[in-house]
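Data block below; observations after.
A note on names: the letters A, B, ... follow the listed sequences, proteins ahead of strands, and every chain is numbered from 1.
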Amino acid sequence: MSHDQAAHTDDDHDHAHGGLGKYLAVGAALAVLTGISFAAGSSPAIMNTPQLGWTIMIAVSCAKAMLVLLFFMHLIWEANWKYVLTVPASIMSLFLMLMLVPDVGLRTRKYSEERLLYAAKPAVGDTHSPLEQASPHPEGTAADPQKKH
Amino acid sequence: MAQHDSDHHDDHGHIQLEYQPALPINNGKVILWLFLSTEIMFFAGLIGTYIVLRFGAPAGSWPGPHDVHVVEKIGAANTFVLICSSLSIVLALEAARANKASMARIWFGLTFFLATVFLGVKAYEYNSKFQHGIYPQKPRSLIYEKADIYYVAAVRTQLNDMVTRWHAEDSELANAPNTKQLLEDEQKAAEARSNELKGVSNPSAQQSGELDQLRKRLPEIKSDIRDLAARTKVLEAGRADRADRLPVAERLLNDFARWSEAVAARTDDPAKRQAAMDILAYQVYPLHRDAHLVSEYVDVEEVDRKAEVAELAAEQADLKANATPATLEALKVLSAAPPAPTTDAAPADAPPPPPANLTPEETVVLNRLAAIGLRLTQIRDREVSLEDFFGVHYDNAKHTFMHGDEEWHGLNDDYKWLKLPMKIPSGNMWASTYFLLTGFHALHVVVGLIVFACIMPLKLDSSRANMIENTGLYWHFVDLVWIFLFPLLYLF
């Protein structure tokens, strides 16, 4: 009998929630947010301070994710069990990412000179690595007349 | 939702147990949400690793989207396609709940179609990367992390292999008529001899042996002639391409790869050594951030070349003024000789023997004059080749390199057949993570397609609403993953 009640509960929710208008509105919002994210990522003005651009784009992604989760996946109309299933997984995901930062994320911070030799070489002038300082920029030697090689 | 009616109190003291569902949703939904939690962890691992690798790469060394042929517009279009498919599948659910089975099927069909559009666009993007030599792994990947001596040697080796192989094919083609003639002569002789031997009534052992050998040999000759014809056809088909490509490859081999390698190996200044290698990498596949290397090093090299030319010309004039007529005559003869071959197969370090009538001192002078002449030719060839490629400048408005009025994207782009190794710092790591992330996401899309294909033939009325809802939940999750992948891969 309670099984019927469970089914009855579902039906109740269905009639009261959802609806074409809401879904279309959410779909339009998603498209607009995608446009904002694309514009932010492609605009040189915003990406001149990359951190600003990244923050905008991650915020937009989180907003889009919440819209999909709440409306398309119906979580806004579900009971508290949704927290039990989603929150621990999200916490663990975030924790996983944070725990990788001091390990692999900062791997080049304390590289020795020899190790840096084999790392991918950045553009000239973009790092303060001792290797860069040891090999001066060609600009510095242009003044010297070069003897034949 | 337990009922706390006092009616259920039993006078005998039994407690009436009632079935209480743990969650007010059907089992399928519980299972699917548990599965989605695992999927969250799965993609969190992949995306988290990408974030950490990307921001932990040496500062300034992660490839930008333009460096690796990632087009943001296409990614945005794909995002929009997936959003529409999410919308259509939720509308399918609404239709099913309202018992409109045919509408539900139509919405499902639209979702299926949009998913295939997504996969098609992805396939197009993957193809464009493969065309430019960007693969997730060596040996197909042409990506080198930095322009060092290994990179320059790889470029020179590839060009040399091309040139050697094409020269060999050209000479094989030129020799083919001779080879054919030889085979046909042998065939005629063998047939004549075997007819002669067959006519002998009492053949000796030696004659029988000879006839057996001829019998074995004749079919071999026939198949050799056939193979030669097929090979000649193949070589003939490639002749036009070889004629176009050989001069370009030879010029690149001598004036770019070998020149850079020589500078990198012999110059005293370590900065110039590195700059020479960086310039070669830049010519093959330019990166926006290395644009300043072009103008700086080109000016420096020009100064060096001019100084060297002046010095050599002075020495040449001095030697010629003091040289004996016999020496000058011998020099004329040497200069008229055909140029040495360009490939490593026959190095040009063995000069032809000097005429016998020269004294040892005259021979030394002659050799020195010949060496000066060769070096001056090398420098002149380098300058001529550079003129073609270093009319390049970066146009800030158009965000691309221009050669005169046209856009320039490097040698690998000018000559699609070149496929030379290219330098993209952190490129291999980028390629690995990009293909892994998008590949796994695409696999999830394919699984979704299979599920749609299984569901669409069924009657999608309200009794199947739960199944459709669960399918929808999976599909929305796939969309969610892409919502995060798009900015991370395309816009960061």
pair C62(A)-F484(B): side-chain heavy atoms closer than 4.5 Å = yes

Apply side-chain contact (heavy atoms from CB on, under 4.5 Å) to the pair M97(A) and T49(B), showing each step before the final yes or no.
-> CA-CA 7 Å; M97(A) 238 178 277; T49(B) 312; over 6 Å; no

Most contact-rich option vs chain A, by heavy-atom pairs under 4.5 angstrom, among L53(B), V30(B), T38(B), is L53(B)

CD1 (I83(B)) and CG (L67(A)) are apart, to the nearest 0.5 Å, by 9.5 Å

dist I483(B):CD1 -> M66(A):CE (nearest 0.5 Å) comes out at 11.5 Å

What one should report as the nearest heavy-atom pair of Y23(A) and L87(B) is O-CD1, 3.3 Å

Test log, rule side-chain contact (heavy atoms from CB on, under 4.5 Å), inputs L93(B) and H74(A):
CA-CA 11 Å; L93(B) 175 61; H74(A) 286 229; 4.1 Å; yes

Should L36(B) and M73(A) count as side-chain neighbours, where that means a heavy-atom distance under 4.5 Å? yes

Residue from L85(A), V104(A), L96(A) scoring the most non-hydrogen pairs under 4.5 Å with chain B is L85(A)

The reported gap from CH2 in W81(A) to NZ in K29(B) (rounded to nearest 0.5 angstrom) is 5.5 Å

Closest non-hydrogen atoms of I25(B) and E78(A), given as atom of the first, atom of the second and distance, are CG2-OE1, 4.0 Å

Item to complete: For F35(B), look at atom CZ and say whether over 12 heavy atoms of other residues, nucleotides or ligands are found less than 6.0 Å away.
Response: yes

To the nearest 0.5 Å, atom CG of L491(B) lies from atom OG of S42(A) at 6.0 Å

Problem set entry | Check against side-chain contact (heavy atoms from CB on, under 4.5 Å), F486(B) and S61(A) | CA-CA 9 Å; F486(B) 166 61; S61(A) 291; over 6 Å; no

Applying a strict 4.5 Å limit to non-hydrogen atoms, the region of A98(B) in contact with chain A is neither

| query | Do K82(A) and W33(B) pass the side-chain contact (heavy atoms from CB on, under 4.5 Å) test, and can you show the C-alpha distance, the side-chain angles, and the key distance before you say yes or no? | reply | CA-CA 9 Å; K82(A) 63 191 177 205; W33(B) 270 108; over 6 Å; no

Applying a strict 4.5 Å limit to non-hydrogen atoms, the region of T79(B) in contact with chain A is side chain

So, the part of N428(B) with a heavy atom under 4.5 Å from chain A: the answer is neither

On a heavy-atom basis, the closest approach of M41(B) and A89(A) is SD-O, 3.5 Å

One option among F38(A), F71(A), F72(A) has the most heavy-atom pairs under 4.5 Å with chain B, and it is F72(A)

What one should report as the nearest heavy-atom pair of L480(B) and A65(A) is CD2-CB, 3.2 Å

Interatomic distance, CG@L100(A) vs CD1@I51(B), rounded to 0.5 Å, equals 10.5 Å

Cut-off 4.5 Å, heavy atoms of chain B, and the answer for L24(A) is both

Should the pair W54(A) and F55(B) be assigned to parallel (<30°), tilted (30 to 60°) or perpendicular (>60°) ring geometry? perpendicular

